[in-house]
There are 2 protein chains.
Amino acid sequence: MRTGAGDRIDTHTGYMLVRLGVAAAALFDDALIPLNLRGRHVKVMGHIHDGTPSQQDLCRLTGMDRTTMVAVVDDLERLGHARRERSATDRRKHVVILTAEGAAALTEALRLLAEAQEELLSPLPAAERDQFHDLVSRLFAARAGE
Amino acid sequence: MRTGAGDRIDTHTGYMLVRLGVAAAALFDDALIPLNLRGRHVKVMGHIHDGTPSQQDLCRLTGMDRTTMVAVVDDLERLGHARRERSATDRRKHVVILTAEGAAALTEALRLLAEAQEELLSPLPAAERDQFHDLVSRLFAARAGE
DNA sequence: CGCCGGTTATCAGTAGTGCTGACTATCAGT
DNA sequence: ACTGATAGTCAGCACTACTGATAACCGGCG
């Protein structure tokens, strides 16, 4: 967009980045439809695969709101992918546990997500995909504190 | 996240891309707060800077919904950045016109957005910023039809 | 001319989202 | 026992973007 005497202000990289992010999110959400899951469910399942955190722990790990976490764990329980149990050491807490079906669903979900990512990045040859991964990682890492 | 016998399924690039997109959107929206604008307003102002499209034209150009466009043009009119006029050739249409104040606001908005993008990309040295721009452009272009 | 299907802009109502605030149960410290 | 803090839950709110209905207007056709 021209705004002055021939000089061009670039806001395109950021704009395209926003749009790509939205497209990627939609692609991922679509990929998970067959499993009746959203990205956030997979994220949570990933964490309860590695341990048995409380819902509060999950909030800290994922940055999600506590009330949203209630709904996500509700969903996972309803689907049989996880269950809640009162913590033995602190009865305020619900530890969240991945079931066997949940583990299977997680594996399948990751496969579907990897497929979707493959589609997203398919316009780039392998070497440049690595480059892209590297650059994105560095930008992402730089914002880690936020 | 490990899911099997040592093999690692990468869904990180896409995930980080989504998060970066969200962060960029937030950065851009924040940058525009002093002008009481959102990204979509600037997008629309950009188009009415280049011509005098109808609201319907703007919908086609931006991909926004017709009802959302009403609100956006309402905002721009209220701020004095644009005004509506009945088209002389088709009195169903409202052509949207950028005012002098709107043009000034657009310039300032683009400056603020460029600043925000500079901050976003600041973790990368100039050469790699160009690389990143190139890669993002190509992924973006590949999705143009959607 | 008068009718009619299609288009433009608008508004009300709706569904989905994520959050705040209130509430209960529980903990740790006094 | 009393106090302040924390975990989980729920109702309600604010925001978003949309669907559907409406009024004004266009172009064409009998």
Side-chain angles (χ1 to χ4, degrees), chain A residues 18-19 21-26 28-30 32-33 36-44 47-48 51-78 82-97 146, chain B residues 18-19 21-26 28-30 32-33 36-44 47-48 51-78 81-98 146:
Chain A
V18 172
R19 295 286 301 270
V22 171
F28 286 161
D29 267 5
D30 285 352
L32 294 175
I33 288 178
N36 285 308
L37 296 175
R38 310 275 307 266
R40 60 176 55 154
H41 297 102
V42 179
K43 195 168 174 183
V44 166
H47 285 294
I48 63 182
T52 54
S54 71
Q55 294 183 199
Q56 199 63 224
D57 294 333
L58 287 170
C59 290
R60 276 186 286 266
L61 289 166
T62 61
M64 292 170 46
D65 187 80
R66 72 209 138 95
T67 59
T68 308
M69 185 59 67
V70 171
V72 170
V73 177
D74 280 350
D75 291 340
L76 293 178
E77 256 190 338
R78 193 166 24 76
R83 55 188 161 78
R84 279 180 246 241
E85 265 180 30
R86 284 283 176 191
S87 162
T89 61
D90 183 344
R91 292 184 47 75
R92 287 172 304 181
K93 296 185 181 178
H94 281 163
V95 295
V96 185
I97 301 165
E146 301 170 28
Chain B
V18 172
R19 294 285 301 270
V22 171
F28 286 162
D29 266 5
D30 285 352
L32 294 174
I33 288 178
N36 285 307
L37 297 174
R38 311 275 305 266
R40 61 176 54 152
H41 298 101
V42 178
K43 196 168 173 181
V44 166
H47 285 293
I48 62 182
T52 54
S54 71
Q55 293 183 200
Q56 198 64 225
D57 295 332
L58 287 170
C59 290
R60 275 186 288 268
L61 288 166
T62 62
M64 294 171 45
D65 187 79
R66 71 208 138 91
T67 58
T68 308
M69 186 59 68
V70 171
V72 171
V73 178
D74 280 352
D75 290 340
L76 293 179
E77 257 190 335
R78 193 164 26 75
H81 295 340
R83 56 189 160 78
R84 278 181 248 242
E85 265 180 31
R86 284 284 174 191
S87 161
T89 61
D90 184 344
R91 292 185 47 73
R92 289 171 303 181
K93 297 184 181 180
H94 280 161
V95 296
V96 185
I97 301 166
L98 192 68
E146 301 171 30

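In what follows, chains carry the letters A, B, and so on, assigned in the order in which the sequence lines appear, proteins first and then strands, with residues in each chain numbered from 1.
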Evaluate L32(A) against V42(A) for side-chain contact (heavy atoms from CB on, under 4.5 Å), listing each step before the verdict. CA-CA 9 Å; L32(A) 294 175; V42(A) 179; 3.7 Å; yes
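E77(B) contributes a side-chain N or O that, together with a main-chain N or O of R84(B), makes up a donor-acceptor pair within less than 3.5 Å.
For the pair D29(A) CG and dT17(C) P, the computed distance is 10 Å after rounding to whole Å. Rounded to whole Å, the distance from CD on Q55(B) to P on dA23(D) is 19 Å. The CZ atom of R92(A) sits 7 Å away from the P atom of dA28(C) (whole-angstrom rounding). Following rounding to the nearest Å, R40(A) (CZ) and dT17(C) (P) show an atom-to-atom distance of 8 Å. Taking atom NZ on K93(B) and atom C1' on dA9(C), their separation rounds to 12 Å, with Å as the unit. When rounded to the nearest whole Å, the span between CZ of R91(B) and P of dA23(D) equals 18 Å. Rounded to whole angstrom, the span from the CG atom of D65(B) across to the P atom of dG13(C) amounts to 18 Å. Going from atom CG of D57(A) over to atom C1' of dG8(D) covers 13 Å, rounded to whole Å.
Under 4.0 angstrom from either OP1 or OP2 of dT9(D) there lies at least one side-chain N or O belonging to H94(A). Taking side-chain N and O atoms only, Q56(A) has a distance below 4.0 Å to OP1 or OP2 of dG8(D). For R38(B) and dA17(D), the shortest distance from a side-chain N or O to OP1 or OP2 is not below 4.0 Å. Within the 4.0 Å cut-off from OP1 or OP2 of dC11(C), not a single side-chain nitrogen or oxygen of T67(B) is found.
Among the atoms of the strands shown, base atoms are found under 4.0 Å from some heavy atom of R66(B). Backbone-only engagement by S54(A) is indicated by non-hydrogen atom pairs under 4.0 Å involving sugar-phosphate atoms exclusively.
D90(B) and S87(B) form no side-chain donor-acceptor contact under 3.5 Å, judged by distance and modelled atom types alone.
Toward the 5′ end of DNA chain C lies the nearest nucleotide of R86(B), the other residue of the pair A88(A) and R86(B) mapping further downstream.
Both distances falling under 3.5 Å, in either a Watson-Crick or a G-U wobble arrangement, place dT30(C) opposite dA1(D).
Taking NE2 from H47(A) and CG from L61(A), the interatomic distance works out to 5.0 Å, rounded to the nearest 0.5 Å.
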